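Keep in mind the model is a prediction, meaning the values are calculated, not measured.
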Amino acid sequence: MAGGNKPGTDISDGHRRKREKKRQRRFGMPTGIVLIATPDGWRHSVLTREGGMLCGQLADVPLDVGPAEARAAAAAMVAGLAHDFHDVRIDVTWDLPREAGSWTAQVTVAAASPNADG
């Protein structure tokens, strides 16, 4: 520690102050899910109202799990994100598949949590 400064402090302007912690990035409000079966596992894209997209592989879902279980895992993941970032409960409605190995869903707000800011 140079000059006896405590970690997490800044004295560059002559005053001691705590450094701002990086703000946690907000995840946009989910509006849709795309789920694709690949040889390497189940891939997802979560679409947001703000135009964002979160893509990745479904965590902790075995490669050989069926479509119903993969859709349930994707819906649970998005429900967790909606709750954690927006304090809302959601409904996920899966569309009829248009092609083999690919599913889409619509995400709507079911209800705000009782302690949501509003």
* Could you state the interatomic distance from CD (Q106) to CD1 (I90), rounded to the nearest 0.5 Å? -> 12.0 Å

* Structure fact -> Looking only at heavy atoms, the pair that brings G32 and V107 closest together is N-CG2, 3.9 Å

* Asked: So, do H44 and I36 sit near enough that their side-chain heavy atoms are less than 4.5 Å apart?
  -> no

* Modelled atom types, side-chain donor and acceptor of Q57 and D40, under 3.5 Å -> no

* Would you call V46 and M77 a side-chain contact if the rule is heavy atoms closer than 4.5 Å? -> yes

* Close side-chain approach of R43 and V34, heavy atoms under 4.5 Å -> no

* Evaluate the side-chain proximity of I33 to V92: yes if any heavy-atom separation is below 4.5 Å, no if none is. => yes

* Asked: In terms of hydrophobic clustering (I, L, V, M, F, W, Y; side-chain heavy atoms under 4.5 Å; direct or indirect links), are W42 and L47 co-clustered?
  -> no

* **Closest non-hydrogen atom pair, T38 against G41** => OG1-O, 2.5 Å

* Side-chain contact, heavy-atom cut-off 4.5 Å: W94 with T104? -> no

* Asked: Looking at side-chain heavy atoms only, is the closest gap between M53 and T48 below 4.5 Å?
  -> no

* **V78 to P30 - nearest heavy-atom pair and separation** => CG1-CB, 3.6 Å

* Asked: Measuring from T31:OG1 to E50:CD, what's the distance to the nearest 0.5 Å?
  -> 8.5 Å

* M29 CE to L81 CG distance, which is reported to the nearest 0.5 Å -> 10.0 Å

* Asked: Out of curiosity, S102 OG to L35 CG, how far, rounded to the nearest 0.5 Å?
  -> 8.0 Å

